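Because the structure is a prediction, the values reported are computed rather than measured. Side chains are part of it too, since the values below use all heavy atoms of this structure and drop only hydrogens, waters and symmetry mates. So you know, we letter chains A, B, ... as the sequences are listed, proteins then strands, and number each from 1.
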2 protein chains.
Amino acid sequence: MPESEARPTSAADLDMVDAVVQLSFAVQGVLGRLAAEHDLSITQLRLLAILRDRNPGMLELARHLGLEKSSVSGLIDRAEGRHLVTRTAAPVDGRGVLVTLAPAGRRLVEQVADQVIAELVALLAPVPAGERARLSRLATLVVQQQAAQRDVDLSAGLLANLSP
Amino acid sequence: MPESEARPTSAADLDMVDAVVQLSFAVQGVLGRLAAEHDLSITQLRLLAILRDRNPGMLELARHLGLEKSSVSGLIDRAEGRHLVTRTAAPVDGRGVLVTLAPAGRRLVEQVADQVIAELVALLAPVPAGERARLSRLATLVVQQQAAQRDVDLSAGLLANLSP
DNA sequence: TATTGTTATACTCTATAACTATA
DNA sequence: TATAGTTATAGAGTATAACAATA
């Protein structure tokens, strides 16, 4: 049953929710399409982006990606099969594995990142120059609050470290 | 190679792109989590949302969802197996099939839609009341331009018909 | 015992290609 | 022939549960 709230959801709020949902589909569509052009899923692209400045273990990767460790095993298997990443033994802990970006993976992620930025800048072209900072601020407000509430590492996002 | 543009991407543009990408992940995360709580994928949820006010054929559904017709066959198979939708013969064309929301499917999509709206209103709570209309307008600008460029039916979005 | 990671298994999602039935 | 839809097949992605190796 829909809970009866003290203050019902306003039409303006619904408009905002609707617009933001549709924008999110547009953005994810660009990401998915560009990734697919290189035979990557969005998850694989996120994986490569995370590895740009880190050599995490499997559990850490699972946490960053929001996946089970067994799912990450398969993900790394396939990426390693394409020579995009490599597994190396962890220095001290004999059980551990460190995942590293291979040269081909690094070239690929840099290339896709450039394309993503170019296409998203084009997608967002209708936003007047004078409103861009405001849009950034509003989106950042929302994301930061959510990250704080869920204790999530923001830098695990696709583009957080992608900007030059 | 990254193309050398006349006007290079500004830091403000990069900030905007970054913020919008992260917001899109946050929104999709809410959608995916709520859908999963009812054993739905985002695609299944979109399917049910589309069927709220339409009884399309398989090809039309494929176009709305951006999938191959064979993918839609499987999607409908599984939804029909859960008694969420039904296939009925098209009136005139003996080859056609119309997909209809079953009672259980309608109950489910209404329930999830209520939850989606509630959670996204909560997610967007940090946006000051005075800025909501502006955020709606900016997001709508972007989405409308994209829809125009790609000749896409906006009402196929998850929430376009979801609002009361 | 606890932790790190892999393997076995099962299911959804998606695509391509071949097929059936109707137009 | 062309169109609407299904089926066969293959692979990615994901999860749960059981396992192995190390701490």
Side-chain angles (χ1 to χ4, degrees), chain A residues 25 28-29 31-33 35-48 50 54-100 108 158, chain B residues 25 28-29 31-48 50 54-82 84-100 108 158:
Chain A
F25 275 106
Q28 296 283 315
L31 294 178
R33 179 167 46 78
E37 285 178 10
H38 299 275
D39 280 301
L40 295 172
S41 65
I42 289 187
T43 301
Q44 293 270 5
L45 180 54
R46 289 180 66 202
L47 165 67
L48 298 184
I50 289 170
R54 261 166 294 200
N55 297 324
M58 302 298 279
L59 285 181
E60 193 181 347
L61 262 180
R63 191 169 51 74
H64 278 313
L65 292 168
L67 297 175
E68 286 299 314
K69 58 186 180 174
S70 62
S71 304
V72 177
S73 278
L75 202 67
I76 300 299
D77 283 348
R78 294 184 289 274
E80 204 173 21
R82 293 173 59 182
H83 305 103
L84 299 177
V85 309
T86 54
R87 284 178 167 99
T88 60
V92 297
D93 191 330
R95 301 164 297 180
V97 162
L98 298 186
V99 184
T100 306
L108 182 55
L158 174 61
Chain B
F25 275 107
Q28 296 282 316
L31 293 179
R33 179 168 46 77
L34 288 177
E37 285 178 10
H38 300 276
D39 280 300
L40 295 172
S41 64
I42 289 186
T43 301
Q44 294 269 6
L45 181 55
R46 289 180 65 202
L47 165 67
L48 298 184
I50 289 169
R54 261 166 295 201
N55 297 325
M58 301 298 279
L59 285 181
E60 192 180 348
L61 262 181
R63 193 170 48 76
H64 279 312
L65 292 168
L67 297 175
E68 287 300 312
K69 58 186 181 176
S70 61
S71 304
V72 177
S73 278
L75 203 66
I76 301 299
D77 284 348
R78 292 184 290 273
E80 204 173 22
R82 293 173 59 181
L84 299 177
V85 309
T86 52
R87 282 178 168 99
T88 60
V92 296
D93 191 330
R95 301 165 298 180
V97 162
L98 298 186
V99 183
T100 308
L108 182 56
L158 174 61

Got a sec, which residues hit side chain to side chain donor-acceptor pair (under 3.5 Å) with [X], two or more places apart in sequence or on another chain?
X	answer
A/His38	A/Gln115
A/Glu60	none
B/Arg95	B/Asp93

Worked verdict on A/Asn55 versus A/Val99 for side chain to side chain contact (heavy atoms under 4.5 Å, CB included) | CA-CA 5 Å; A/Asn55 297 324; A/Val99 184; over 6 Å; no
Find the distance [X]:[atom1] to [N]:[atom2] and express it as a whole number of Å.
X	N	atom1	atom2	result
A/Asp39	D/dA12	CG	C1'	11 Å
A/Asp77	C/dT7	CG	C1'	10 Å
A/Met58	D/dC19	CE	C1'	16 Å
A/Arg63	C/dT4	CZ	C1'	15 Å
B/Glu68	C/dA18	CD	P	15 Å
A/Leu45	D/dA12	CG	P	17 Å
B/Leu65	C/dT14	CG	P	8 Å
A/Leu59	D/dA23	CG	C1'	14 Å

Grab the two heavy atoms, one from A/Leu65 and one from A/Arg46, that are nearest each other, plus how far apart they are.
-> O-NH1, 3.7 Å
Test log, rule side chain to side chain contact (heavy atoms under 4.5 Å, CB included), inputs B/Ile76 and B/Leu61 | CA-CA 10 Å; B/Ile76 301 299; B/Leu61 262 181; 3.9 Å; yes
Taking only the side-chain heavy atoms of A/Ser70 (C-beta and beyond), determine which of D/dT7, C/dT7, D/dA4 contains the nearest atom.
->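 When the side chain of A/Ser70 is considered, C/dT7 is the closest of D/dT7, C/dT7, D/dA4.
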Apply side chain to side chain contact (heavy atoms under 4.5 Å, CB included) to the pair B/Leu84 and B/Leu108, showing each step before the final yes or no.
-> CA-CA 8 Å; B/Leu84 299 177; B/Leu108 182 56; 3.9 Å; yes
Review item, nucleotides 11-13 of chain C N/O atoms under 3.5 Å of protein N/O:
unit_1: C/dC13; atom_1: OP1; unit_2: B/Ser41; atom_2: OG; d: 2.5
unit_1: C/dC13; atom_1: OP2; unit_2: B/Gln44; atom_2: NE2; d: 3.0
unit_1: C/dC13; atom_1: OP2; unit_2: B/Arg78; atom_2: NE; d: 2.7
unit_1: C/dC13; atom_1: OP2; unit_2: B/Arg78; atom_2: NH2; d: 3.2

Would you call A/Leu48 and A/Val85 a side-chain contact if the rule is heavy atoms closer than 4.5 Å?
-> yes
Classify the side chain of A/Ser73 and the base of C/dT7 as holding, or not holding, a donor-acceptor pair under 3.5 Å.
-> no
Of all of residues 85-99 of chain A, which get a heavy atom below 4.0 angstrom from DNA chain D, listed by number?
->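 Close to the strand are A/Val92, A/Asp93, A/Gly94, A/Arg95.
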Residues which pass salt bridge (Lys or Arg N to Asp or Glu O under 4.0 Å) with B/Glu80, listed by chain and number, not counting sequence neighbours |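 Salt bridge (Lys or Arg N to Asp or Glu O under 4.0 Å) check on B/Glu80 returns B/Arg87.
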Under 4.0 Å: is that the gap between some side-chain N or O of A/Ser71 and OP1 or OP2 of D/dA15?
-> yes
